[in-house]
Amino acid sequence: MGRKALLVALGVDSFGTGVFLPITVLYLTFVIGLDLPTAGIIGAAATAVGLLVPPLAGHLVDRWGPRTVLVTAQLVQAAGAVLYLVATSVPEAFLAAALLATGQRGFYCSVFVLIADLSTEIAKDRPFALAGVIMSVCFGVGAGVAGLLIGQGDWAYRVVAAGNAISFLACAAILLRYVRPVAHVPSEPGDGGFRQLLRDRPYLSLILVNFAFALAVDLFVLGVPVYLRLVLGAPAWTIGAVIIVSTVFRLLFQVAVVHWLRDIPRTTALFGAGVLWIVWALATAAALLVPAPWNLAYLLVITLVFCVGNLVHAPTSTALAEAGAPPGARGRYVATFQYSFGVSNVVAPAVIGLTAFGPAIPWLVLAGVLALATAALPLLGRSLPVAAVRR
């Protein structure tokens, strides 16, 4: 019951996030009345605040257990969503965005430890894959609902923000009511968890390698729409087509791919994903050379290349990070692993900005970064614990 309830809670949370996150900047401009540069600065500053969370969240996961931290993260995000409803000034908008960013980072620092605790499998790839599918699909449905509501007036934006707050509260309620706390041995104060982590060069290398993979995901989500519309001049509906293809592909094949990879070392699987994403990045840069009548077909084909790599990377990297952490410091290790995604969130817009110097440059830079990370994986496979590399 606990595992199923957790999946329901994650679906509710992801639906609410999908409804509000894509229109955050629009909310800041159309409802609160900020200009676009100010809205962008608020978003960037809030993301930076979120980067301060993992050390504390990881420590609390090891001290209190992941469920308590996850519920707290949902309440913090709910407070941010509610504040959006009443915000009328820059400081209030920033506080609302900072609360959402703080809670979201706390969510990711705790949710994977809780999924692992509630899973009976020794290898956590499949439960992580299943949770990822539910979160991805529900986020996509939420984004679709947001697309139907925006443009209907200020009231629609406020309904979306209210719905987001309700989703966080509903998720917290489900966790408290139906997900029982897992037996947890709290870490001792001063047990050296973070000091141990800072000496763990293979794990720190894993975080650095995963930054490159996280950057690929962020450029797919943020950079491809910009590339399609501003560089290739594709119709607006092609953005939706790319998102739909990636969402459906993950829904249909994610769990099956994890099953097919069960006998392959995790670092080897990630090496394959890296090669696929290098091909995708180079093919995206080469889209400039494709004749216009073939553009859409070409974009959908290379999107499938990205999707296959994502089916491998998403559950495998998380399972490797969780399995590579010492039992008494999983919270701190997995929370620190989230920096690979958090730093990518900050760096990705700057990489996209390189489009001003040449439309292919962001994708060539990404291919180079991925090549370095992918080349490091065989060595990393020999450095990490065997029990983490082998499923």
Side-chain angles (χ1 to χ4, degrees), residues 7 10-11 14-15 17-19 21-22 115 125-147 210 212-229 232 234-262 264 266 268-287 290 294-319 341 344 348 363 366-367 370 374:
L7 293 177
L10 295 182
S14 298
F15 174 81
T17 301
V19 168
L21 187 61
I115 293 170
D125 305 68
R126 187 179 184 278
F128 287 151
L130 185 58
V133 168
I134 290 174
M135 293 166 67
S136 177
V137 171
C138 290
F139 182 93
V141 173
V145 171
N210 196 64
F213 286 82
L215 186 62
V217 175
D218 281 341
L219 258 65
F220 177 79
V221 174
L222 302 175
V224 167
V226 174
Y227 193 66
L228 286 174
R229 290 292 287 150
L232 300 179
W237 60 266
T238 58
I239 298 173
V242 167
I243 294 172
I244 290 171
V245 166
S246 63
T247 301
V248 171
F249 204 77
R250 189 169 189 185
L251 175 63
L252 293 177
F253 299 111
Q254 178 68 90
V255 176
V257 166
V258 169
H259 179 73
W260 295 334
L261 294 173
R262 65 189 183 279
I264 298 176
R266 289 186 174 114
T268 303
L270 289 175
F271 184 91
V275 171
L276 286 172
W277 279 356
I278 292 168
V279 171
W280 164 72
L282 294 175
T284 302
V290 176
W294 295 96
N295 236 334
L296 179 59
Y298 179 84
L299 291 169
L300 290 179
V301 168
I302 64 175
T303 295
L304 292 179
V305 174
F306 171 86
C307 289
V308 174
N310 195 37
L311 293 179
V312 177
H313 168 260
T316 304
S317 60
T318 306
F341 300 100
S344 173
W363 308 103
L366 175 62
L370 283 169
T374 303

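Since this is a predicted model, take the numbers as computed values, not measurements.
The CD1 atom of Ile134 lies 10.0 Å from the CG atom of Leu251; values are rounded to the nearest 0.5 Å. For the atom pair CG (Leu7) and CE (Met135), the distance works out to 10.5 Å, reported to the nearest 0.5 Å. With values rounded to the nearest 0.5 angstrom, Phe213 atom CZ is found 10.5 Å from Leu366 atom CG.
The one candidate from Thr374, Val217, Leu215 that meets the side-chain contact (heavy atoms from CB on, under 4.5 Å) condition with Trp277 is Val217.
Every side chain to side chain donor-acceptor pair (under 3.5 Å) that Trp280 has, sequence neighbours left out, goes to Thr284. Asn295 is linked by a side chain to side chain donor-acceptor pair (under 3.5 Å) to nothing, counting only residues two or more places apart in sequence or in another chain. The ring-ring contact (aromatic ring centres under 6.0 Å, His included) search around Phe341 returns Phe337, not counting sequence neighbours. Evaluation of the side chain to side chain contact (heavy atoms under 4.5 Å, CB included) rule for Val257 yields Phe253, Trp260, Leu261, Leu311, Val312 as partners, not counting sequence neighbours. Evaluation of the ring-ring contact (aromatic ring centres under 6.0 Å, His included) rule for Tyr227 yields Trp363 as partners, not counting sequence neighbours. For Ser246, the side chain to side chain donor-acceptor pair (under 3.5 Å) test picks out no residue, with sequence neighbours left out. By the side chain to side chain contact (heavy atoms under 4.5 Å, CB included) test, Val248 pairs with Ile244, Leu252, sequence neighbours left out. Scored by the side chain to side chain contact (heavy atoms under 4.5 Å, CB included) test, Ile115 finds Leu6, Leu10, Val111, Phe112, Ser119, Pro127, Phe128, Ala131 as partners (sequence neighbours excluded).
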Derivation of the side-chain contact (heavy atoms from CB on, under 4.5 Å) call for Thr247 and Phe139: CA-CA 9 Å; Thr247 301; Phe139 182 93; over 6 Å; no

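Scanning all heavy atoms of the two residues, the minimum distance from Leu270 to Ser317 falls at CD2-N, 4.2 Å. Heavy-atom minimum distance, Asp218 versus Ser344: OD2-OG, 2.6 Å. Across all their heavy atoms, Val133 and Arg250 have their closest contact at CG2-O, 3.8 Å. Closest non-hydrogen pair, Ile278 versus Ala367, comes out as CG1-O, 4.1 Å.
Residue pairs satisfying the side chain to side chain donor-acceptor pair (under 3.5 Å) criterion with at least one member in residues 125-143, sequence neighbours excluded, are listed as follows: Asp125-Arg266, Asp125-Arg391.
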Below 3.5 Å, can you tabulate the donor-acceptor pairs from side chains in residues 303-310 to any protein atom, sequence neighbours excluded?
{"residue": "Thr303", "atom": "OG1", "partner": "Leu299", "partner atom": "O", "Å": "2.7"}

With a cut-off of 3.5 Å and sequence neighbours excluded, list every side-chain donor-acceptor pair involving residues 219-226.
none

